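Structure first, then comments.
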2 protein chains.
Amino acid sequence: MRIGQLAQLVGVETQTIRFYEQQGLLPPPDRQDNGYRVYTKKHGEGLAFIRRCRILGLSLAEIHELQSYQDDPHQPCTAVNTLLDDHISHVRSQITALQALEKQLVSLRASCNDDREVEACGVLAGISEGNMHQQ
Amino acid sequence: MRIGQLAQLVGVETQTIRFYEQQGLLPPPDRQDNGYRVYTKKHGEGLAFIRRCRILGLSLAEIHELQSYQDDPHQPCTAVNTLLDDHISHVRSQITALQALEKQLVSLRASCNDDREVEACGVLAGISEGNMHQQ
DNA sequence: TTAAAACTATAAAGCTACTATAATGTCAAT
DNA sequence: ATTGACATTATAGTAGCTTTATAGTTTTAA
């Protein structure tokens with residue numbers, strides 16, 4: 001199959017496929033006489049793997065790491081689990097940070113209503129004066 | 001004051017100050033005969049405002065928008081409040097997405113322990129087969 | 001048969017918000 | 001005179017693509 005079909009199959013843009021190849025995440029496929037890339041089912045699986053990892057929030061570097069484990073199937077999978085554990089704690093700390101931020105924003109928003117002039121806006125005043133009661 | 005002092009005062013790097021100037025977020029300061037930038041208290045306040053906005057997660061474009069409101073102090077501050085409301089809902093949807101992601105990751109992690117070979121790793125199998133029970 | 005539409009190729013720039021590096025110039029102190 | 005701390009500009013790098021430009025190929029329609 002050619003790049004456009006693969007792209008449609010997995011739901012990405014063709015440029016994204018070329019980009020992954022360039023980044024070393026997808027093996028370079030064979031070429032037709034005209035230079036067009038020819039993909040196999042294996043490529044499709046590889047690409048789908050990458051996309052699912054991306055949906056899980058893994059970075060390209062982390063995906064690369066997972067692929068290196070796949071290439072050596074008889075080592076223990078501790079490293080895989082550790083990678084995931086690290087990622088989970090990363091996601092958790094992001095959540096915590098965003099929740100703290102939400103609190104700050106909501107309390108800032110409560111310091112104003114819509115019926116004022118910019119000059120007297122509680123939100124702008126709050127930011128300007130640093131009344132963001134941190135943490 | 002010169003750029004280094006301003007940087008230390010507000011807690012940013014000198015390059016960041018030049019960057020904000022280049023992006024039109026800080027007004028270009030006067031220069032000494034040798035070309036060095038000379039900053040006033042006003043610049044300090046402007047920079048502090050930018051930094052507090054950044055801590056609140058606002059983009060440079062949003063900060064720019066806020067500045068344009070500040071320049072016209074007698075219009076109603078509805079737009080400011082709307083900007084903040086939009087940002088709050090943005091943050092909330094990020095939190096929601098990350099919480100869903102965390103669930104997915106945790107259940108994926110539960111499908112494996114450390115005592116397997118990569119070949120039998122529940123995590124890798126889960127990603128490969130798309131057992132990520134979405135949503 | 002030919003011309004347009006659709007697909008492919010490469011290379012390079014753009015996006016965000018900086019950070020880092022390079023090469024150079026200025027100033028105070030030793 | 002030279003070292004050190006500071007300043008200047010210009011350029012590239014970061015992540016993960018997306019967009020644009022330019023060009024060649026294949027397929028479809030007139």
Side-chain angles (χ1 to χ4, degrees), chain A residues 1-26 28-40 43 46-67 83 86-87 90-91 94 97 101, chain B residues 1-26 28-40 43 46-67 86-87 90-91 94 97-98 101:
Chain A
M1 76 197 325
R2 297 193 315 200
I3 197 168
Q5 300 170 269
L6 177 60
Q8 196 170 18
L9 191 69
V10 182
V12 299
E13 307 246 358
T14 56
Q15 304 101 305
T16 305
I17 296 175
R18 293 192 198 98
F19 173 73
Y20 288 151
E21 178 184 336
Q22 187 200 316
Q23 299 297 304
L25 291 169
L26 268 182
D30 287 342
R31 301 285 185 127
Q32 290 177 353
D33 291 348
N34 56 16
Y36 287 13
R37 291 171 176 81
V38 186
Y39 291 100
T40 66
H43 287 101
L47 181 54
F49 180 84
I50 295 171
R51 286 273 89 194
R52 292 196 204 98
C53 287
R54 294 291 299 132
I55 287 168
L56 294 174
L58 298 175
S59 69
L60 300 191
E62 287 167 328
I63 296 171
H64 207 82
E65 199 179 327
L66 288 182
Q67 289 177 335
L83 191 155
D86 289 351
H87 187 56
H90 179 230
V91 168
Q94 278 190 112
L101 178 58
Chain B
M1 77 198 323
R2 296 191 315 199
I3 198 168
Q5 299 169 269
L6 177 61
Q8 195 169 19
L9 191 68
V10 182
V12 299
E13 308 245 358
T14 56
Q15 304 103 304
T16 304
I17 296 174
R18 294 194 196 97
F19 173 74
Y20 288 152
E21 179 185 335
Q22 186 201 318
Q23 299 298 302
L25 292 169
L26 269 181
D30 288 342
R31 302 284 187 129
Q32 291 177 352
D33 292 348
N34 56 16
Y36 288 13
R37 291 170 176 80
V38 186
Y39 291 100
T40 65
H43 287 101
L47 181 56
F49 180 84
I50 295 170
R51 286 274 89 197
R52 290 196 205 100
C53 287
R54 294 291 300 130
I55 289 168
L56 294 174
L58 298 174
S59 68
L60 299 192
E62 288 168 326
I63 296 171
H64 207 80
E65 200 179 325
L66 287 182
Q67 289 177 334
D86 289 350
H87 187 56
H90 180 231
V91 168
Q94 279 191 111
L98 285 172
L101 178 58

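Chain letters run A, B, ... following the sequence lines, proteins first, then strands; residues in each count from 1. Side chains included, hydrogens not; waters and symmetry mates left out as well; all remaining heavy atoms used. Every value quoted in this text rests on a predicted model; they were computed, and no experiment measured them.
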* Asked: Does C:dA17 have OP1 or OP2 sitting under 4.0 Å from an N or O in the side chain of B:Y20?
  -> no
Are [X] and [Y] close enough that some pair of their side-chain heavy atoms sits under 4.5 Å apart?
| X | Y | value |
| --- | --- | --- |
| B:L47 | B:Y39 | no |
| A:L83 | A:L58 | yes |
| A:E62 | A:D86 | no |
| B:R37 | B:R2 | no |
| A:I17 | A:H43 | no |
| B:R52 | B:L56 | no |
| B:L60 | B:F19 | yes |

* Asked: How would you give the extent of chain B contacts on DNA chain D, as first and last nucleotide 5' to 3' within a 4.0 Å heavy-atom cut-off?
  -> D:dC6 to D:dT9
* Are more than 12 heavy atoms from other residues, nucleotides or ligands located less than 6.0 Å from atom CG of A:N34? -> yes
* Does A:Q8 CD have over 12 foreign heavy atoms under 6.0 Å away? -> no
Interatomic distance where [atom1] belongs to [X] and [atom2] belongs to [N] [whole Å]:
| X | N | atom1 | atom2 | result |
| --- | --- | --- | --- | --- |
| B:L26 | C:dA17 | CG | P | 15 Å |
| B:L60 | C:dG14 | CG | P | 18 Å |
| B:Q23 | C:dC15 | CD | C1' | 12 Å |

* To do: Could you tell me the separation between the CD1 atom of A:I50 and the OG1 atom of A:T16, rounded to the nearest 0.5 Å?
  => 10.5 Å
* Protein proximity profile, nucleotides 6-12 of chain C - base contact B, sugar-phosphate-only contact S, no contact -, cut-off 4.0 Å on heavy atoms -> -BSSB--
* Taking five pairs at each end of the helix from C:dT1-D:dA30 to C:dT30-D:dA1, what angle separates the two helix axes (nearest 10°)? -> 30°
* Take the angle between the ring planes of A:H87 and A:H90 and call it parallel below 30°, perpendicular above 60°, tilted in between. => tilted
* Asked: 5'-most contact on DNA chain C: B:D33 or B:S59, nearest heavy atom basis?
  -> B:S59
